[in-house]
Participant: 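Below: one structure in structure tokens.
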Amino acid sequence: DLQAEIFIPCAASRLITKDQIDRMINTGIEVIAPGANVPFADPEIFFGPIADHTDSKTSVIPDFISNCGMARVFGYLMGNDLGKLEDEEIFADTSNTIKEALENVYQISNSKTRISKTAFEVALKQLI
């Protein structure tokens, strides 16, 4: 029930209920960026009714974008001929990966809502 603009649920999975989401939205939450977990108390693996409801009401960055850091670092380290290992380069690579993913979503829909749904569609098209 505290006023906040950003919520980052990172500790555990399947804890956030629809009632809790509605209360956060009513106090001004604008962005939800999960960690390496499924924050919503849905039984579905990827996108259940609570996630869908939340995505329709506020900006939900999907976990595979908001938490891609370590996966991107591994990809960077395996895919580059590294003369020097600099933390600035790794951070920039990870930041650019997140930026490009969000820009791809934005090209399809510039809405502040349905970011996760659109990102899932983009990701599935890339896999097929």
Side-chain angles (χ1 to χ4, degrees):
D1 294 320
L2 299 174
Q3 288 187 339
E5 295 173 357
I6 301 170
F7 177 50
I8 305 174
C10 297
S13 291
R14 305 194 191 292
L15 296 178
I16 311 302
T17 65
K18 183 180 177 297
D19 177 62
Q20 290 168 324
I21 287 297
D22 288 340
R23 288 167 41 204
M24 283 188 264
I25 290 169
N26 288 336
T27 59
I29 208 76
E30 294 178 23
V31 177
I32 299 173
N37 62 323
V38 178
F40 307 110
D42 291 321
E44 292 79 3
I45 293 173
F46 292 112
F47 206 76
I50 299 170
D52 187 45
H53 169 75
T54 306
D55 195 41
S56 73
K57 301 287 184 185
T58 190
S59 299
V60 180
I61 309 300
D63 65 328
F64 61 88
I65 293 176
S66 67
N67 192 54
C68 76
M70 283 313 299
R72 186 59 225 148
V73 170
F74 292 142
Y76 177 84
L77 295 174
M78 291 187 295
N80 291 295
D81 183 22
L82 303 171
K84 260 169 65 172
L85 184 61
E86 298 288 335
D87 56 344
E88 292 89 6
E89 292 174 12
I90 294 170
F91 182 78
D93 181 73
T94 302
S95 294
N96 286 333
T97 299
I98 293 169
K99 178 183 176 220
E100 288 173 17
L102 290 174
E103 285 175 344
N104 288 340
V105 171
Y106 186 81
Q107 286 177 2
I108 294 170
S109 172
N110 63 1
S111 174
K112 291 182 180 182
T113 62
R114 296 289 183 202
I115 294 171
S116 282
K117 191 171 202 169
T118 305
F120 275 112
E121 291 171 7
V122 169
L124 288 172
K125 286 179 184 172
Q126 288 176 345
L127 290 173
I128 296 176

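Positions are given from 1 along the sequence.
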Participant: Quick check for you: to the nearest 0.5 Å, what is the distance between F40 atom CZ and T17 atom OG1?
Facilitator: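 Those atoms lie 10.5 Å apart.
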Participant: Verify the cluster assignment for L102 and I8: are they in a single hydrophobic cluster under the rule of side-chain heavy atoms below 4.5 Å apart?
Facilitator: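 Yes.
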Participant: With rounding to the nearest 0.5 angstrom, report the OG1 to CD1 distance, T27 to I25.
Facilitator: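 CD1 of I25 is found 9.0 Å from OG1 of T27.
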Participant: Main chain of V105, side chain of T118: is a donor-acceptor contact present, judged purely on distance under 3.5 Å?
Facilitator: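 Answer holds: no.
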Participant: Under a 4.5 Å cut-off applied to non-hydrogen side-chain atoms, are E89 and Y76 in contact?
Facilitator: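 E89 reaches Y76 side chain to side chain.
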Participant: Are any non-hydrogen side-chain atoms of I61 and I115 less than 4.5 angstrom apart?
Facilitator: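 Yes - at least one pair of side-chain heavy atoms lies under 4.5 Å apart.
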Participant: Quick one about S111 and S109 (side-chain donor to acceptor, distance below 3.5 Å, no hydrogens or angles considered), yes or no?
Facilitator: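 Judged by distance alone, the side chains do not pair up.
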Participant: Using every non-hydrogen atom in the two residues, find where S66 and P34 come nearest and quote the distance to one decimal.
Facilitator: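 Taking every non-hydrogen atom into account, OG-O, 2.5 Å.
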Participant: Would you name the heavy atoms of I32 and P9 that are closest together and state the gap between them?
Facilitator: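 Nearest heavy atoms, I32 then P9: CG2-CD, 3.9 Å.
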Participant: Check whether more than 12 heavy atoms from other residues, nucleotides or ligands sit under 6.0 Å from atom CD of E103, and answer yes or no.
Facilitator: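 Yes.
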Participant: Rounded to the nearest 0.5 Å, what's the gap from OG on S116 to CD1 on I65? Could you check?
Facilitator: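 S116 atom OG to I65 atom CD1 measures 7.5 Å (nearest 0.5 Å).
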Participant: Treating N96 as the side-chain partner and A92 as the backbone partner, does any N or O pair qualify as donor plus acceptor under 3.5 Å?
Facilitator: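 A pair under 3.5 Å: yes.
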Participant: Between the main-chain N or O of D22 and the side-chain N or O of N26, is there a donor-acceptor pair closer than 3.5 Å?
Facilitator: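 Looks like yes, one N/O pair under 3.5 Å.
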Participant: Within this structure, what is the CG-NZ distance for the pair N104 and K125, rounded to the nearest 0.5 Å?
Facilitator: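 Interatomic distance, N104 CG to K125 NZ, rounded to 0.5 Å: 11.5 Å.
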Participant: Count the heavy atoms of every other residue, nucleotide or ligand shown that sit under 6.0 Å from CD of Q3, and state whether that count exceeds 12.
Facilitator: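 No, CD of Q3 has 12 or fewer neighbouring heavy atoms, counting only those of other groups under 6.0 Å.
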Participant: In the single-linkage hydrophobic clustering (I, L, V, M, F, W, Y; side-chain heavy atoms under 4.5 Å), do M24 and V60 co-cluster?
Facilitator: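 In one cluster with M24: V60, yes.
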Participant: Under 4.5 Å between side-chain heavy atoms, chaining through other members, with only Ile, Leu, Val, Met, Phe, Trp and Tyr counted: pull out the rest of the cluster around L2, sorted by chain and number.
Facilitator: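 Taking Ile, Leu, Val, Met, Phe, Trp and Tyr as members, L2 stands alone, with no cluster partners.
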Participant: Within the 4.5 Å heavy-atom criterion, are I98 and C68 side-chain neighbours or not?
Facilitator: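 Yes, side chains in contact.
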Participant: Quick check: closest heavy atoms across E44 and R14, and the distance to 0.1 Å?
Facilitator: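 Heavy-atom minimum between the residues: O-NH1, 3.1 Å.
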Participant: Please assess K57 against D52 for the test salt bridge (Lys or Arg N to Asp or Glu O under 4.0 Å), listing each intermediate value before the final yes or no.
Facilitator: CA-CA 9 Å; K57 301 287 184 185; D52 187 45; over 6 Å; no
Participant: Quick one: which residue pairs count as a ring pair (Phe, Tyr, Trp, His ring centres under 6.0 Å) with a foot in residues 107-128, not counting sequence neighbours?
Facilitator: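 Qualifying pairs: F47-F120, F64-F120.
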Participant: Check each of I16, I29, D42, I21 against T54 using the side chain to side chain contact (heavy atoms under 4.5 Å, CB included) test, and report the only one that passes.
Facilitator: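 Result for side chain to side chain contact (heavy atoms under 4.5 Å, CB included) with T54: I21.
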Participant: Strictly distance-based, threshold 3.5 Å: is any side-chain N or O of R114 a donor or acceptor partner for the main-chain N or O of D55?
Facilitator: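 It does not hold such a pair.
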Participant: Grab the two heavy atoms, one from P62 and one from A119, that are nearest each other, plus how far apart they are.
Facilitator: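 Minimum heavy-atom separation between P62 and A119: CG-CB, 3.5 Å.
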Participant: Roughly how far, to the nearest 0.5 Å, is the OG1 atom of T58 from the CD1 atom of I6?
Facilitator: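 Those atoms lie 10.5 Å apart.
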Participant: Same hydrophobic cluster for M78 and M70, using side-chain heavy-atom links shorter than 4.5 Å among ILVMFWY?
Facilitator: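 The answer is yes; both residues are in one hydrophobic cluster.
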